[in-house]
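Order of listing sets the numbers, starting from 1, for every ligand and every atom in it.
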Amino acid sequence: MLENRHIVVGICGGIAAFKAAGLVSQLRQRGADVHCIMTEHAAKLVTPITFGELSGNDVTVDMFANINKWDVEHIALAKLADLFVVAPATADIIGKVANGIADDMLSTTIMATKAKVLFVPSMNTNMYENPIVQENIERLKKFGYEFVEPESGHLACNTTGKGRFPKLETIFDAIEKCLYGKGLLKGKKIIISAGGTQENIDPVRYISNRSSGRMGYAIARAAAMEDADVTLVSCTTALPVPAGVNIIYVHDARELDKAMNSCFDTCDAAVMAAAVSDYRPKVQATQKIKKEAHDSLTIELTQNPDILFGLGQKKKNQFLVGFAAETNDVIEHGKEKLKRKNLDMLVANDVAMPGAGFNVPTNIASLLYKDGTMEQYPKMTKEELGHIIVEKIAEGLR
Ligand code: CTP
């Protein structure tokens with residue numbers, strides 16, 4: 001995915017500098033040509049040899065160290081870069097770039113590059129929340145610099161708060177957005193549901209289904225990459241939240257219904273990728289059901305709301321997308337669902353086919369449209385299908 005891409009990684013003197021080693025290693029494993037520039041402070045925390053070994057290229061720290069070679073290194077790397085990633089980005093480098101200061105190898109190269117620059121701030125919470133730092137970040141964003149939000153949690157200074165170095169997956173989502181995003185959904189709001197609802201029987205047991213949530217998460221990731229304002233309503237907590245996506249966790253169909261409806265009126269597109277339980281136990285026991293009290297047990301079920309149908313009824317200009325998981329007569333059932341639920345597009349899959357449907361990394365889909373047209377796709381990863389679905393939504397919103 002990063003083959004033939006030249007990525008320059010700037011490493012600053014924050015305690016998370018050691019985590020940049022994992023980032024550099026992963027970038028190289030994913031095919032990128034990686035060049036590292038370290039600040040002098042960073043080189044006191046982790047040795048340049050580490051980054052040299054992991055990147056497979058010389059590491060630059062001192063602007064004047066290679067004076068004999070004299071190919072004006074900061075200009076060479078600034079030109080070479082397809083993307084610049086500053087990780088960890090300290091308050092110092094953010095302040096320097098925001099104010100046009102170029103006084104070492106890293107700041108001069110950032111100033112000289114025309115490539116996108118992605119900052120990954122990581123620092124003590126008070127530093128991060130300092131209004132001067134926040135103002136510098138806002139200023140840089142206005143100039144088109146990109147940022148990955150730090151995570152909240154335990155920090156090296158033995159406090160808890162915002163400022164942690166993000167998960168590598170989150171950084172890679174942002175890297176992909178910088179390299180491949182076309183801004184197809186810029187200014188658009190999209191809500192996506194994912195995963196299988198869990199309908200409580202009692203406080204420890206529930207009825208659910210085999211949905212992993214991967215398809216909905218892939219659509220959310222693809223939509224965020226295309227610059228949409230994405231809200232993901234998730235029935236699962238098992239998957240990493242894609243970078244820049246707002247998350248709402250829900251448990252059962254009624255919570256999902258409430259969350260989708262609360263966002264629907266102001267959105268431009270909605271995708272119901274969740275596998276919703278059509279039924280829930282009529283009575284949910286408040287205490288754990290004990291087997292001593294029952295030789296046999298019958299659980300009476302009552303119907304859940306059809307959330308997608310409800311959204312179809314109230315839709316105005318929203319582009320509404322549903323899924324149909326079928327085991328037979330896929331297209332006929334799909335066409336009928338598209339019409340009955342008043343959808344703009346339906347993703348139909350034959351879950352009986354190997355490599356399609358629940359809990360597998362791939363899918364085999366047909367896209368059916370309101371005007372009666374359809375497109376059939378071969379087996380592909382859910383990530384690939386997510387991008388196609390997002391492109392079709394963008395076309396539909398044009
Ligand atoms: N869906 C929903 N609310 C439900 C059931 C399904 O919003 N109570 C949505 C799903 O998220 C999916 C679409 O409706 O986008 C179709 O789901 P599917 O289970 O295939 O169809 P059903 O409408 O439940 O019909 P049936 O089970 O009878 O095939």
With a 3.5 Å cut-off and sequence neighbours excluded, list the donor-acceptor pairs that the side chains of residues 271-285 form with protein atoms.
| unit_1 | atom_1 | unit_2 | atom_2 | d |
| --- | --- | --- | --- | --- |
| Arg280 | NH1 | Gln303 | O | 3.4 |
| Arg280 | NH1 | Asn304 | OD1 | 2.7 |

Any donor-acceptor pair under 3.5 Å linking the side chain of [X] with the backbone of [Y]?
X      : Y      : result
Asp329 : Glu332 : no
Asp82  : His6   : yes
Asn200 : Asp202 : no

Linking Ile, Leu, Val, Met, Phe, Trp and Tyr by side-chain heavy atoms under 4.5 Å, what else ends up with Val360?
-> none
First-shell residues of ligand 1 [heavy atom, distance under 4.0 Å] | Met272, Ala274, Val276, Asp278, Pro305, Asp306, Ile307, Leu308, Gly322, Phe323, Ala324, Ala325, Lys337, Lys341
Side-chain donor-acceptor pairs under 3.5 Å in residues 223-231, sequence neighbours left out?
| unit_1 | atom_1 | unit_2 | atom_2 | d |
| --- | --- | --- | --- | --- |
| Glu226 | OE1 | Lys182 | N | 2.9 |
| Glu226 | OE1 | Gly183 | N | 3.0 |
| Glu226 | OE1 | Leu184 | N | 3.0 |
| Asp227 | OD1 | Lys177 | NZ | 2.9 |
| Asp229 | OD1 | Asn246 | ND2 | 3.4 |

